[in-house]
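Counting starts at 1 for both ligands and their atoms, following the listed order. Keep in mind that what you see is a predicted model, and the values were worked out from it rather than measured.
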Amino acid sequence: MSILHNIYFHSSSKILDTLPQDELPEVCFVGRSNVGKSTAINKITNKKKLAFSSKTPGRTRLINMFNIVEQKNHKTIGYLVDLPGYGYANLSNQEKIDFEKNLTKYVQYRKSLVGIILLIDMRRGITSLDNDFLNLVNSKPITIMLTKADKLNHTERLIIRKTTTEKLIKFKNITDIVEFSATKRIGISEVSDIINKLIT
Ligand SMILES: Nc1nc2c(ncn2[C@@H]2O[C@H](COP(=O)(O)OP(=O)(O)OP(=O)(O)O)[C@@H](O)[C@H]2O)c(=O)[nH]1
Ligand SMILES: [Mg+2]
């Protein structure tokens with residue numbers, strides 16, 4: 001069994017000050033609203049409703065932390081973090097500014113953040129917001145998850161994977177690019193292995 005299956009809801013925070021102490025390794029899931037972050041966390045942890053997903057963008061509005069517990073001694077060994085998505089239209093300008101500040105601060109200053117999973121909708125490709133995010137973080141390892149791969153056929157997937165890889169080559173901290181589908185269960189073990197190595 002993957003260590004990521006033994007996981008529990010830990011906390012929800014609106015601001016960074018109330019996050020758990022910055023000490024155990026954590027891996028966060030970021031990306032545009034509706035890209036599939038919460039769904040991916042549920043698939044990777046083999047839980048139906050650990051993180052709340054929804055058809056409507058903007059479902060996750062808080063920083064949700066899930067603690068991974070080692071089975072032998074029942075100790076928390078790290079966290080998965082579900083972040084609100086960026087590019088959510090239904091926010092006021094001030095809310096957008098606050099959100100960006102919060103996200104920037106979190107990824108740049110959170111010492112215990114050992115890796116970032118950046119989700120990109122495979123049909124959309126890299127958007128300007130994804131580019132902005134990638135320019136913001138150059139000091140942490142990033143795994144790109146190309147989500148909703150089930151919506152494309154084999155040839156489309158090959159082409160998009162190639163063009164996306166070319167566009168991302170300049171970001172030296174991207175360690176992996178993984179195609180993912182929650183519905184067709186593509187890429188689950190690959191991403192789980194990557195997270196496992198980052199946490200342990
Ligand atoms: N076809 C398909 N649909 C998916 C996949 N992953 C997620 N979805 C759907 O996409 C929608 C959004 O999923 P969420 O997991 O809530 O997205 P999110 O990134 O957490 O969204 P926010 O919390 O708004 O930032 C839901 O309707 C999911 O069922 C996938 O791999 N394939
Ligand atoms: Mg979500």
**Prompt:** Should F180 be counted as touching ligand 1, given the test is an N or O pair under 3.5 Å?
**Reply:** no

**Prompt:** Does A40 reach ligand 1 with a nitrogen or oxygen that is under 3.5 Å from one of the ligand's nitrogen or oxygen atoms?
**Reply:** no

So which heavy atom in the protein is nearest [atom], and how far is it from that ligand atom?
atom: atom 32 (N) of ligand 1; result: D150 OD1, 2.8 Å
atom: atom 28 (C) of ligand 1; result: T39 OG1, 3.8 Å
atom: atom 24 (O) of ligand 1; result: G58 N, 2.7 Å

**Message:** When you compare the side chain of V35 with that of Y86, does any pair of heavy atoms fall below 4.5 Å?
**Reply:**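 No, their side chains stay 4.5 Å or more apart.
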
Which is closest to [atom] by heavy-atom distance: [options]?
atom: atom 20 (O) of ligand 1; options: A182, A149, S38, S33; value: S38
atom: atom 9 (C) of ligand 1; options: K55, K184, K37, K148; value: K148
atom: atom 22 (P) of ligand 1; options: L62, N34, V30, T147; value: N34
atom: atom 26 (C) of ligand 1; options: S53, G36, S54; value: S54

**Request:** Could you give me a count of protein N/O/S atoms that are under 2.8 Å from the Mg ion (ligand 2)?
**Result:**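 Under the 2.8 Å cut-off, the count stands at 2.
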
**Message:** Using the salt bridge (Lys or Arg N to Asp or Glu O under 4.0 Å) criterion, which residues pair with R61? Sequence neighbours excluded.
**Reply:** none

**Message:** Run the side-chain hydrogen bond (donor to acceptor under 3.5 Å, both in side chains) test on T127 and D130 for me, step by step, so that the C-alpha distance in whole Å, both residues' side-chain angles and the decisive distance to 0.1 Å come before the verdict.
**Reply:** CA-CA 5 Å; T127 64; D130 300 321; 2.9 Å; yes

